[in-house]
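Please read the structure below before turning to the comments.
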Amino acid sequence: MSRKRIFDIIQIGNKHDLPSRLFDYGITLVIMVNLLITFVLTFSLPDSTLALLQVIERITMILFTMEYGLRLWTADYLYPGKSRAKAIWRFMVSFYGVIDLLTILPYWLPMETIYGMGVFRIIRVVRIFHLFKVNSQSDAYNVIVSVLREKSRQLASSISIIAILMLSASFLMYSVEHNAQPDVFDNAFSGLWWAVSSVLTVGYGDIYPVTILGRLLAILICILGVMITAIPTGILSAGFSENFREAKLIETGQNTIFTIPVNSGNMWVGMRADDILEKNNIVVISVIRGKSQVDIHKAVIQSGDILICRA
């Protein structure tokens, strides 16, 4: 079997490619089994059950390691135009590359002995991020990722406003309450803990103001917190509404959007969707592969794809 064929199989995607779909379902099952075992191993178990689970865990880790090796081996197909060494490095520092490495590395290295059980278990929790691979096969997940990317600047601005409010509130509350409650508001971090629980409307109640000025300040900060924390929600809601409207326009054909089927001889095969704009003055809005929508920011055009474009 050629490296290109192995690359096609291990990539999430084509529903018309039975081996590729079987690989997707198989790796999803392995992820779920591995996470279930990680959860169950936190309980006190009989030695026989513990030994069986450890054997199954080792099998799943071997499969994860083989998958990681195959992705390194075929990385140059994921990043066409780059040398093999650069493509491997690009994959290793990518989000899924880092998650894959952190999943297998703590298991095969004696990190439990070197760093202690606590740190070892914390690193093993990284396995749960493998669930992103499961979700990335769904259209709903790709829509969420697309909206987050489109609204990233607005979200970053709103989050910075919330952070400024919390930091200001922490210093103010510490200054007002320190003399009255030196054991409770003993430093600015105590004020920050109060600010986070108040601004984000959690309200743990373990730290609270007792002075009149402190309580008046708390009322003002809580009101501002309710108003400001609603901003990211509004931004995301607007993003989903825009995405829905665009999808409806595509579906009904009420705009200038057009589709381009990609055949095996098309010059775009192997290109990333974002690169098409730079070379052809065409904006790829969506990539349809089989019956699924692919994340356009990661998609590598394949034969059989349907591109939804706008000039």
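Residues Val184 and Glu177 form no side-chain contact, since every pair of their non-hydrogen atoms from C-beta on lies 4.5 Å or further apart. Counting only heavy atoms from C-beta outward, the side chains of Ile162 and Pro232 approach each other to under 4.5 Å. The side-chain heavy atoms of Pro209 and Trp194, taken from C-beta on, include a pair separated by under 4.5 Å. Side-chain contact between Leu41 and Glu57 is present, with heavy atoms from C-beta onward closer than 4.5 Å. In this structure the side chain of Ile88 never reaches within 4.5 angstrom of the side chain of Asp76, judged on heavy atoms. The shortest side-chain heavy-atom distance between Phe64 and Asp100 does not fall under the 4.5 Å cut-off.
In this structure, OG in Ser157 is found 10.0 Å from CD1 in Ile231, a value given to the nearest 0.5 Å. A distance of 6.5 Å separates CD1 in Ile104 from CE in Met61, rounded to the nearest 0.5 Å.
Classified by interplanar angle (parallel below 30°, tilted 30° to 60°, perpendicular above 60°), the ring pair His178/Tyr174 is tilted.
Counting heavy atoms of neighbouring residues, nucleotides and ligands inside a 6.0 Å radius, atom CG of Asn187 exceeds 12 of them. Counting heavy atoms of neighbouring residues, nucleotides and ligands inside a 6.0 Å radius, atom CZ of Arg84 exceeds 12 of them.
Both the sub-6.0 Å distance and the 45° axial angle are not jointly satisfied by Arg21 relative to the ring of Phe23.
No side-chain donor-acceptor contact under 3.5 Å links Ser198 to the backbone of Ala195. At least one donor-acceptor pair under 3.5 Å links the side chain of Arg3 to the backbone N or O of Trp73. Within the 3.5 Å criterion, the main-chain N or O of Thr49 finds no donor-acceptor partner in the side chain of Gln54.
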Asp206 vs Trp193, side-chain hydrogen bond (donor to acceptor under 3.5 Å, both in side chains): CA-CA, chis, key distance, verdict: CA-CA 10 Å; Asp206 55 339; Trp193 173 253; 2.9 Å; yes

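Not counting sequence neighbours, the partners of Lys4 by the salt bridge (Lys or Arg N to Asp or Glu O under 4.0 Å) test are Asp8.
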